[in-house]
A.B. asks: 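Just passing along the structure, written as structure tokens.
The chain is numbered in sequence order, starting from 1. Note: hydrogens, waters and symmetry copies are ignored here, and every other heavy atom, side chains too, is used. Every number for a ligand or one of its atoms is a count from 1 in the order of the listing.
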Amino acid sequence: MKRLALFGSTGSIGTSCLDVVAAHSERLTPRVLTAHRRVNELNAQCLRFQPPLAVVADPEADLSGWTATSTEVWKGPSALIRAATLPDVDVVVAGLVGAAGLPPTLAAVRAGKRVAIANKETLVVAGPLVMAEAQASGAKLLPIDSEHNAVFQALAAGRREDVKQIILTASGGPFRGRTRSQLEHVSIDEALAHPTWRMGPKITIDSATMMNKALEVIEARWLFDLRADQISVVVHPQSIIHSLVEFTDGSVVAQLSPPDMRLPIQHALSWPERWSGISPVMNWREAAQLTLEPPDFEAFPALELGFEVARRGGTCGAVLNAANEVAVDRFLNGSLAFLEIADACRSILQAHDFDPNPTLETLLGQDRWAREEMRRWKA
Ligand code: MG
């Protein structure tokens, strides 16, 4: 029986993870569920799954309506960190959104846990620190992000020294095929209408700008210890091929499955085993078309920022991620145009005080600085 701490249990990754837990209740048991401030949903999950502990990250959250009396509730960001390091937790599922996921994920890594990581910001912001801590503690990082999970699976086909490059696939989002000038006046609703994946609003906007792929390039650079020039992106609108690994002999190994996050989540929880799953499977009796096309760097300039940050490292990831988080908020509240998201991120990235070997404190300081800059950008 694996005992899970599920961080962000009311979000998109969290609810998919609980589907997997419910389907494998003889193998997986939730020890901790956490939410930011959706107390009612968390309460309902606790009534159903009966974890001994729940954590509400927002210290202002109102717990007066809590009815799941067999679950103890802790409150506040430091409670998240304590929950991530409990001795009776075997696997931490990092399903939080944004840089807020960094402190508890880092705590779990330091405690040597198996960490199923969906929170790409942890690696984007602090990749070298997180990987060094994992090396020191023996923590195993298993990617849930579908592309990285696919790369992790495909890497098993050969030796690490024989990897030539990895190719991350991108759906292209709702604006695939549009030119830069056609993106000038897109609405919030258009940007939120993702063609193949159902996800939260932050990552859906990131998919529309392709900033999500930029962040994934950075995530892959640290997670798999690759150079930026060993990472490529190809647009694959069907979201069936989740990513590919090319070896030195020219062989390319891919992972395919219908788009459903429950598969990479389950893989990260079951690894090195494989369990029969609840996700839909390929129907090989049906005709299918899998198409691949190069990304349009002019219409989606965020993508180039990802490669630049993967090349430079240091404080760049923290700055790009923080600037983008605020830019997405500003786009969603109507105070920033779609194309301005990448433009503003680029100018803040260029203006920042670059440090090639930052400490965690430096990274968090740069994160705060970049957020403030983005709040002020043409405001
Ligand atoms: Mg992804």
A.B. asks: Under the 4.5 Å side-chain heavy-atom rule for ILVMFWY, direct or indirect, which residues accompany L292?
C.D. replies: I167, V234, I240, I241, L244, V252, L256, M282, W284, L290
A.B. asks: Side chains of residues 126-134: which donor-acceptor pairs under 3.5 Å do they make with residues two or more places apart or in other chains?
C.D. replies:
| unit_1 | atom_1 | unit_2 | atom_2 | d |
| --- | --- | --- | --- | --- |
| E133 | OE2 | R110 | NE | 3.0 |
| E133 | OE2 | R110 | NH2 | 3.3 |

A.B. asks: In terms of side-chain geometry, is the basic nitrogen of R346 or E308 positioned less than 4.0 Å from the acidic oxygen of its partner?
C.D. replies: yes
A.B. asks: Taking ring pair (Phe, Tyr, Trp, His ring centres under 6.0 Å) as the cut-off, I'd like each qualifying pair that reaches into residues 211-235, sequence neighbours left out, listed once.
C.D. replies: none
A.B. asks: Show, in sequence, the C-alpha distance, side-chain angles and deciding distance for L339 and R180, and conclude whether the side chain to side chain contact (heavy atoms under 4.5 Å, CB included) test is met.
C.D. replies: CA-CA 8 Å; L339 289 177; R180 182 169 170 87; 3.8 Å; yes
A.B. asks: Could you enumerate the protein N, O or S atoms under 2.8 Å from the Mg ion (ligand 1), written like residue then atom name?
C.D. replies: D145 OD1, E147 OE1, E216 OE2
A.B. asks: Is the closest basic N to carboxylate O distance between R31 and D88 below 4.0 Å?
C.D. replies: yes
